Amino acid sequence: MSATPANIPTCLFCGDTKTTFTCFEDAVFNNKTFQYLKCCNCDLIYVYPSPTDEDLMKMYPVEYQGAFTEKGTGRYTTLFKQIRDLGTFKTVLDYGCGGGRFVVEAIDEKYEVVGAEYNPALVANLKSAFPSASFQTINDLFASQQKFDIIFLSNVVEHLTQPKETMLQLMQHLNDNGIFVLEGPVENNFNLTLLTRKTLFFIRKYLFHKKAYHTPTHLLYSNRKNQEQLFKDVGLTTLFYTVDESNWPFPSALSECKSTMQKLMYYIATFSVKMSKHFSFWGNNFTYIGKKTTR
Ligand SMILES: [Zn+2]
């Protein structure tokens, strides 16, 4: 799609090649150092270099998925109501369906559900765990001509090495009057927890010259603005977009705090969550519904 050489950082959302450094420490994983660069054009923070297939295999062993969801918790009740208000839809693709948290509830709502995952071993396990839905690998999905009324992605975009290209491919599988529904983190969107983390990371990176040793599974940190622009760029028109906040990655209960520092983090996060209810731009999670832009 782009003629930019592979050794020049290229923004995963807008394709711009001008970058600046960030307060996020370099992450050492699989004997490589991954930097967090910020795009000068759209402010997306992304991991560079992009992980190779070998890195990805190590990042996502089959155990990464954890246990399958056995029954619905009502987490998506409000979302399903919103979807019903938008029209009559029959078929749902859950792209990156993971342990079936959404699949279970979509089956209960009487949708015809197809789940897609990368790993063939996981797909085989999903088939036997949820006989009322069907599952396929992402390769099989993209090789097919199937179309869906709803395409759903939960906590997926931040794991994609080529988010724009993947979204464009998925658009080919959306019915003309269908909808795209996404949710997940917006990790570089304004909130007090993020400001606190950035200050801590800045001190560790530039004063103590620390590196991080986490697995860089989240390949991008977006905000509301650059994310909505991406959705627009792939041909979607926003029907609904909200940002809210959870304590993550700070503790969500005082009982989880083992030190004074953790207690302080808990109070900061709890205050930030309260503030997010007053300001629509404030938060670290998003929910988006969009339809195909008519040209
Ligand atoms: Zn950009």
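Residues take their numbers from the sequence shown, with the count starting at 1. Predicted model, so just to flag it, every value in this text is computed and none were measured. Numbering of ligands and ligand atoms starts at 1, following listing order.
- Considering Tyr46, Phe201, Tyr48, Tyr221 in turn, Tyr221 is the only one that fulfils the ring-ring contact (aromatic ring centres under 6.0 Å, His included) rule with Tyr36.
- In Met57, the CE atom is not crowded: 12 or fewer heavy atoms of neighbouring residues, nucleotides or ligands sit closer than 6.0 Å.
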Could you list the donor-acceptor pairs under 3.5 angstrom formed between side-chain atoms of residues 152-159 and any protein atom two or more places apart in sequence or on another chain?
| residue | atom | partner | partner atom | Å |
| --- | --- | --- | --- | --- |
| Ser154 | OG | Glu183 | OE2 | 2.6 |
| His159 | ND1 | Tyr60 | OH | 2.8 |
| His159 | ND1 | Thr217 | O | 3.2 |

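- Taking the ring axis of Tyr241 as reference, the NZ or CZ atom of Arg224 stays within 45° of it and closer than 6.0 Å to the ring centre.
- Applying the side-chain contact (heavy atoms from CB on, under 4.5 Å) criterion to Asn125, with sequence neighbours excluded, gives Phe68.
- Every side-chain contact (heavy atoms from CB on, under 4.5 Å) that Lys198 has, sequence neighbours left out, goes to Cys23, Phe24, Asn188, Leu194.
- Atoms of the protein (N, O or S only) found under 2.8 Å from the Zn ion (ligand 1) are Cys11 SG, Cys14 SG, Cys39 SG, Cys42 SG.
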